[in-house]
**Q** 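Handing you this structure, nothing more for now.
Since the structure is predicted, the reported quantities are computational estimates derived from the model, not experimental observations. Index from 1, following the sequence.
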Amino acid sequence: FEDDGTTGPSEQSRDLAPVPAADPGARTSSLSALLVELDRVVDAITTLDPDGLDGPAAAEASLRVHRAGDRLRAMQLGWLAAAEDARVWLGTGARSFRTWVARTHDVSFAEAGRWVRPARVWREVTPMTALAARLGRTSTAKAALIAATATTPHRAPTVHLALAPPVDP
């Protein structure tokens with residue numbers, strides 16, 4: 001593990017919103033290539049011996065993988081919301097989207113619910129919360145708490161106000 005002196009995205013890069021590709025076909029092929037590369041990176045990292053790092057390096061590696069995984073989880077939940085909107089589970093034998101998620105992702109029904117609920121709210125009520133989670137500005141755990149509270153468009157501004165830092169007079 002070679003520390004390059006950084007602990008993740010700089011503060012400046014965190015403030016940059018993602019720029020969508022102009023051509024949806026290019027975006028899809030680009031995503032496919034990125035997913036192939038993601039598989040390669042995950043394969044390379046998971047073949048390493050966890051005991052091969054000293055304590056500080058292991059802590060740093062753990063934190064960086066956690067932050068990356070959390071941002072990917074936020075992206076995954078966005079894709080799940082899009083999949084639900086497209087009704088991909090119909091005709092599969094699943095009685096609900098949550099059941100379909102549990103089966104296809106090999107997670108418990110309870111875990112599928114912990115994914116589906118915030119995915120819906122982020123898409124329908126608090127899209128800026130979803131964006132903040134994808135950009136790493138907030139954790140998916142905090143964003144899920146916002147989703148659990150801000151369940152209607154009426155409640156969302158109140159939750160965001162309550163979470164905002166105090167303003168000096």
**Q** Any heavy-atom pair between the side chains of Trp100 and Glu84 that's under 4.5 Å?
**A**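 No - every pair of side-chain heavy atoms lies 4.5 Å or more apart.
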**Q** Look up atom CZ in Arg64 and atom CD1 in Ile45, then write down how far apart they are to the nearest 0.5 Å.
**A** 9.5 Å
**Q** Backbone N or O of Val42 within a donor-acceptor pair of the Thr46 side chain at under 3.5 Å?
**A**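 At least one qualifying donor-acceptor pair exists.
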**Q** Measure across Pro118 and Leu77 and return the closest heavy-atom pair with its distance rounded to 0.1 Å.
**A**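 Reported closest heavy-atom pair: CG-CD1, 4.3 Å.
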**Q** Hey, does the side chain of Arg98 reach the backbone of Phe109 with a donor-acceptor pair shorter than 3.5 angstrom?
**A** yes
**Q** Please answer whether the main-chain N or O of Ala74 pairs with a side-chain N or O of Arg134 as donor and acceptor at a distance below 3.5 Å.
**A** no
**Q** If you measure only the distance, is there a donor-acceptor pair under 3.5 Å linking the side chains of Asp70 and Thr140?
**A**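 Their side chains do contain a donor-acceptor pair, which is all the 3.5 Å distance test asks for.
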**Q** Grab the two heavy atoms, one from Ala57 and one from Leu53, that are nearest each other, plus how far apart they are.
**A** O-CD1, 3.9 Å
**Q** Within the side chain of Trp122, is there an N or O that forms a donor-acceptor pair under 3.5 Å with the backbone of Ala81?
**A**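 Absent.
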**Q** Determine whether a donor-acceptor pair (N or O, by modelled atom type, separation under 3.5 Å) exists between the side chain of Ser62 and the backbone of Ala58.
**A** no
**Q** Does the pair Phe97 and Leu80 meet the rule for a side-chain contact (heavy atoms from CB on, under 4.5 Å), with working shown?
**A** CA-CA 9 Å; Phe97 181 68; Leu80 281 178; 4.1 Å; yes
**Q** Working to the nearest 0.5 angstrom, can you tell me the gap between Leu145 CG and Ser139 OG?
**A**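 The distance works out to 8.0 Å.
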**Q** Main chain of Val88, side chain of Thr92: is a donor-acceptor contact present, judged purely on distance under 3.5 Å?
**A**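 Side chain of Thr92 to backbone of Val88: no pair is present.
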**Q** Among Leu72, Asp43, Leu31, find the residue that satisfies the side-chain contact (heavy atoms from CB on, under 4.5 Å) test when tested with Leu38.
**A**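 Passing option: Leu72.
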**Q** Using a 3.5 Å distance criterion without hydrogens, assess whether the side chain of Ser108 forms a donor-acceptor pair with backbone atoms of Glu111.
**A**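 Yes.
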**Q** Is the shortest side-chain heavy-atom distance between Met75 and Arg71 below 4.5 Å?
**A** no
**Q** How long is the gap from CH2 on Trp89 to CZ on Arg103, to the nearest 0.5 Å?
**A** 11.0 Å
